[in-house]
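Starting from 1, each residue takes its place in the sequence as its number.
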Amino acid sequence: MKIGILFIVSMIGLSGIAQSFQLDSSFQPFFDIRTQRSSDLISMVELPSGNIVFAGKFDITTMGVFYRNVGSTTRTGSPNFNFNSQFGGDVVDIYNDSILINGDGGGYTLKDTNGNVWNVNWRLNYLKTVKCRTGGFYVYKDGSTLFSNQAGGNGQPCQIINPPDTFPGRHIVKVNPQGLWDSTFTGIANAPPQGFYPYDSNRILVYGRPYELTHYNGVQVDGLFRIYLDGTLDTTFTSPMSTALAANNFNPRLVESNGKFFLTGSFLLKGQTQYHTLVRLNSDGSLDPTFMNFSGPIDTNNFFAVTAPLTPTDDGGYLVGGVFNSYQGFPRPGLAKIDSSGAVDPNYFNIGGPDSSKVLGAGYPVVGFIHKSTFGGYYVGGDFLKWNGQPSQ
């Protein structure tokens, strides 16, 4: 899902051998879109075959094959010529074991792993049911899906069209596996969420702008709340988010086995004036005191630092990416390794790494996603033109 910043495509494989986090030169992406005026990479999926599907805003032509907004490579970075890229969108994610969901806020399409459209009727039904669709989505095990539904021209959420009937709109709409309205979901929000994030097998985290998404089922939720699968509010969770009308962008990340989870972005918490870029919350929404919540990455040039991806490492720590140049006093180029308590590991990324941004200016890299491969190593994508001083895709 989108994290609020657009990134130029760069894809780097990091070797997972002994957690060295060194560049894996065996991965050589076949494309180069660094010269494109407006391009970005937003998301990727790794398939069981080892092939990857990537999505964003770009045009690629290679050996007579044209890719727009979505493409696929093998594990080595060579073109996956079995992939159909005729219909693309800037977000790609897993729908089920053999189907992908690909698109953007204007509409999503279900595709098989070769990029071919699957179940055209689902798309036609969904486009009517969630007429003012936006933001992220949540897929249930049976193929039902939650979507965010914005307001129409009258300021109210767009109506739900469920042929042959039409119903009053809602800001959260559940569609069944056929793409039609599923009335079993009972939750009503006062504003559209920006996204959904799975918490466990029975609950979902829902998040949005705290000064807009203030209530759910009549209860004050301040931009972040947890619901059960049927839409019932989980009242054991309390939002820590400030409702100040300010830059307050965040994403839930990485729910752990003990129920704790992270917030990344650049955001304010209740009763505080310091912007946070990375915190860990307890299952009830309170700050976890065992994590260094007040020592996240910063920008020493007075630019707002932002974190985006957070990925676990095999030693119990994490890789953190985003827009920053310093982390607990250590120079870090938008990429850092921390331990389980949030302390920076000084052994990694203190020399080299991503470098030079096309969007934010030379010498200012942006790391937009870090995907841990099931085959070893990590894929890193973002707005950086070089890695270790050498041109990077």
Side-chain angles (χ1 to χ4, degrees), residues 1 3 7 9-32 41-56 70-83 92-94 96-98 100 113-115 198 253-257 262 264 307-322 332-340 344-355 365-384 386-393:
M1 57 187 68
I3 57 173
F7 299 100
V9 169
S10 294
M11 303 186 68
I12 299 294
L14 297 182
S15 171
I17 300 174
Q19 293 291 288
S20 63
F21 306 114
Q22 298 299 311
L23 186 65
D24 180 359
S25 60
S26 70
F27 180 71
Q28 296 289 335
F30 70 90
F31 55 86
D32 183 356
L41 187 75
I42 292 175
S43 55
M44 67 159 283
V45 166
E46 183 179 55
L47 303 176
S49 63
N51 293 343
I52 66 171
V53 178
F54 57 93
V70 63
S72 180
T73 79
T74 68
R75 172 75 174 163
T76 64
S78 62
N80 174 14
F81 288 114
N82 293 320
F83 190 82
V92 63
D93 209 335
I94 299 295
N96 63 30
D97 290 341
S98 59
L100 304 175
T113 53
N114 286 324
R253 304 279 186 188
L254 199 60
V255 179
E256 302 190 307
S257 58
F262 293 85
T264 65
T307 57
L310 180 73
T311 302
T313 55
D314 293 342
D315 62 0
Y318 312 92
L319 292 178
V320 183
R332 288 296 182 269
L335 183 63
K337 164 75 168 61
I338 61 175
D339 65 17
S340 60
V344 170
D345 190 328
N347 297 309
Y348 302 108
F349 306 118
N350 39 25
I351 299 177
D355 179 27
V366 179
V367 172
F369 73 76
I370 306 170
H371 181 93
K372 187 174 185 179
S373 171
T374 57
F375 298 88
Y378 299 79
Y379 291 102
V380 179
D383 173 14
F384 45 87
K386 298 178 182 179
W387 190 285
N388 292 345
Q390 299 301 311
S392 165
Q393 307 303 335

Derivation and outcome, ring-ring contact (aromatic ring centres under 6.0 Å, His included), residues Phe31 and Phe54:
CA-CA 12 Å; Phe31 55 86; Phe54 57 93; 4.8 Å; yes

Given the rule in the side-chain contact (heavy atoms from CB on, under 4.5 Å) test, do Leu100 and Val45 qualify, once you have shown the distances and angles that lead to the verdict?
CA-CA 9 Å; Leu100 304 175; Val45 166; 4.1 Å; yes

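Between the CD1 atom in Ile52 and the OG1 atom in Thr73 there is a gap of 3.5 Å [rounded to 0.5 Å]. Interatomic distance, CD1 of Ile338 versus CG of Leu319, reported as 9.0 Å (0.5 Å rounding). Of the inter-residue distances, the one linking Asn114 atom CG with Phe81 atom CZ reads 14.0 Å to the nearest 0.5 angstrom. Taking CZ of Phe375 as the reference point, atom OG of Ser49 lies at 6.5 Å (rounded to 0.5 Å). How far NZ of Lys337 is from CZ of Phe21: 5.5 Å, rounded to the nearest 0.5 Å. Here the CZ atom belonging to Phe30 is positioned 9.5 Å from the OG1 atom belonging to Thr74, to the nearest 0.5 angstrom.
Atom CG of Asn347 sits in a crowded spot, with more than 12 heavy atoms from other residues, nucleotides or ligands closer than 6.0 Å.
Between the Arg332 side chain and the Tyr348 main chain, a donor and an acceptor come within less than 3.5 Å of each other. Although no hydrogens or angles enter the test, the distance criterion places no donor-acceptor pair under 3.5 Å between the side chain of Ser373 and the main chain of Gly377. Under a 3.5 Å cut-off, the side chain of Thr113 and the backbone N or O of Ser98 do not form any donor-acceptor pair. Under a 3.5 Å cut-off, the side chain of Asn388 and the backbone N or O of Gly353 do form a donor-acceptor pair.
The minimum heavy-atom distance between Thr311 and Tyr378, with the atom names listed, is CG2-CE2, 3.8 Å. In this structure, Val255 and Pro198 approach most closely via the heavy-atom pair CG2-O, 3.7 Å. Contact detail for Ala308 and Gly368: the closest heavy-atom pair is CB-O, 4.0 Å. Residues Thr313 and Lys372 share a closest heavy-atom pair of C-NZ, 4.2 Å.
Using a cut-off of 4.0 Å between Lys/Arg side-chain N and Asp/Glu carboxylate O, Arg75 and Asp24 are scored as not salt-bridged.
The ring of Tyr379 has its center no closer than 6.0 angstrom to the ring center of Phe369.
Thr374 and Glu46 share a donor-acceptor pair across their side chains, judged by distance under 3.5 Å alone. For the residue pair Thr307 / Arg253, no side-chain donor-acceptor distance below 3.5 Å is found, with atom types taken as modelled.
Looking at Pro354, Pro365, Pro309 one by one, the single match for side-chain contact (heavy atoms from CB on, under 4.5 Å) with Leu335 turns out to be Pro354. Here the rule is side-chain contact (heavy atoms from CB on, under 4.5 Å) with Phe83, and of Asn51, Val70, Leu47 only Val70 fits it.
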